[in-house]
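Along the sequence shown, residues carry numbers from 1. Values below: all heavy atoms of this structure, side chains included; hydrogens, waters and symmetry mates excluded.
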Amino acid sequence: MKVIVLGSGVIGVTTAYYLARAGHEVTVVDRQAAPAQETSFANAGEVSPGYSSPWAGPGVPVKAIKWLLMRHGPLVIWPKLDPVMWIWGLKMLRNCTAERYAVNKSRMIPIAEYSRDCLRALRAEIGIKYDERSRGTLQLFRKQKQLDGTGDDIAVLKQYGVPYEVLDRTGCIAAEPALAGVKDKFVGGLRLPQDETGDCHIFTQALAQEAAKLGVQFRFNTDIERLVADGGKISGVVTSAGLLQADAYVAALGSWSPRLLKPIGISVPVYPVKGYSITVPVTDPDGAPVSTVMDESYKVAITRLGDRIRVGGTAEISGYSNRLDAARRATLDHSLTDMFPRGGDLGKATFWCGLRPMTPDGPPIIGATRYSNLHLNTGHGTLGWTMACGSGRVMADLISGRKPDIDVSELSVSRYDHRFG
């Protein structure tokens with residue numbers, strides 16, 4: 001079939017690659033000049049199935065108030081006269097129960113684990129390089145109360161057979177030797193040894209080149225204006241380069257998906273939640289992280305990417321604004337210098353932000369729509385890099401009429417027809 005993939009971030013490019021590998025004629029359309037120029041450009045670098053959890057959970061509303069009052073808090077809200085923002089927020093609050101958290105996490109772990117396996121297979125098959133490391137993730141706790149509160153998360157890890165290690169201070173230093181110099185600032189950690197790291201931007205661009213070798217055409221610098229619906233099918237997509245037509249269409253536009261889909265009567269509760277990062281050159285390899293350290297107090301991830309350190313965090317709810325806020329950088333700077341004071345040169349850091357496409361319940365939206373040839377692959381939130389390969393592989397299977405290796409029926413947009421959203 002001829003398939004048009006809308007969006008060239010990590011989700012769109014992995015989808016295009018697997019579709020081409022399945023024998024389809026694929027065109028990718030994007031307004032940017034190259035792949036992975038927006039949300040996939042400078043994310044935290046984690047491939048972390050073990051941390052695939054909904055933001056909506058028991059106790060989150062109370063924690064949110066605390067975070068909003070912190071000097072280096074992980075949450076920022078700029079209220080707007082935007083009913084979509086408020087409706088999305090209310091839906092998220094409705095998912096902040098133990099029952100909904102369990103259901104939503106059970107939908108996230110399988111696609112995340114599958115995706116990591118697909119990524120490993122891809123490395124073995126085509127030898128793709130992207131500053132990858134397979135050294136695990138360490139969630140670092142500054143307070144004993146945080147360490148004592150890991151019971152529920154550990155129970156879920158046990159349920160899904162995810163290997164983990166609860167570490168004391170000495171164990172954390174064994175995993176991340178550079179922490180020895182700041183050992184009085186933390187009490188312990190939770191390590192997930194099967195998690196990986198890597199540069200999503202480098203990966204996406206390299207995979208786009210592999211996709212092009214399979215015949216994928218990339219139409220960059222092309223604005224996507226609207227979909228043309230004809231009865232129960234999509235008959236084309238209107239772009240700045242004219243009308244493009246195919247047998248099937250995949251919307252992989254992240255936070256921008258709702259704006260494309262609403263005019264044809266499809267409502268997807270995806271809202272942009274801005275994240276920030278700094279990328280810092282390593283000055284002392286022995287003072288830098290080995291893999292990823294998640295500073296739990298500030299919800300900041302500090303990741304080693306080759307000769308750089310990527311520091312990512314913050315959840316800022318401010319609509320579609322791409323404005324860089326100096327106060328958000330201060331939080332990232334603080335976490336890095338507090339935990340790895342010798343690691344990198346902040347004076348040479350680059351500062352970035354991106355819009356994460358968040359669903360109110362947590363899982364992404366993958367699957368068919370009421371239009372027989374329109375498919376969705378969006379709403380991955382902070383886990384687009386973690387879930388990308390699995391999501392792309394599943395989408396290619398669905399469009400090819402094959403049964404995917406995992407059941408993704410509960411990830412479709414139809415789940416929002418039920419009581420919760």
Given 3.5 Å as the limit, does a donor-acceptor pair link the side chain of [X] with the main chain of [Y], or not?
| X | Y | result |
| --- | --- | --- |
| Glu38 | Gly354 | no |
| Ser372 | Lys233 | no |
| Trp55 | Met92 | no |
| Thr369 | His375 | no |

- Task: Apply side-chain hydrogen bond (donor to acceptor under 3.5 Å, both in side chains) to the pair Asp405 and Tyr114, showing each step before the final yes or no.
- Result: CA-CA 8 Å; Asp405 294 333; Tyr114 177 64; 2.9 Å; yes

- Query: Within 45° of the ring axis of Tyr320 and under 6.0 Å from its six-membered ring centre, is that where the NZ or CZ of Arg259 lies?
  - Reply: yes

- Any chance you could lay out the side-chain contact (heavy atoms from CB on, under 4.5 Å) test for Met85 and Ile317, step after step, and finish with the verdict? CA-CA 8 Å; Met85 172 191 283; Ile317 301 175; 3.8 Å; yes

- Query: Do Asp230 and Ser235 have a side chain donor and acceptor closer than 3.5 Å?
  - Reply: no

- Item | Asp361/Arg415 salt bridge by N-O under 4.0 Å criterion | yes

- Message: Between Arg142 and Asp295, does any side-chain N to carboxylate O distance fall below 4.0 Å?
- Response: yes

- Query: Angle class for the His334/His72 ring planes (parallel below 30°, perpendicular above 60°, tilted otherwise)?
  - Reply: parallel

- Query: Parallel, tilted or perpendicular: which describes the rings of Phe351 and Tyr276, with under 30° parallel and over 60° perpendicular?
  - Reply: parallel

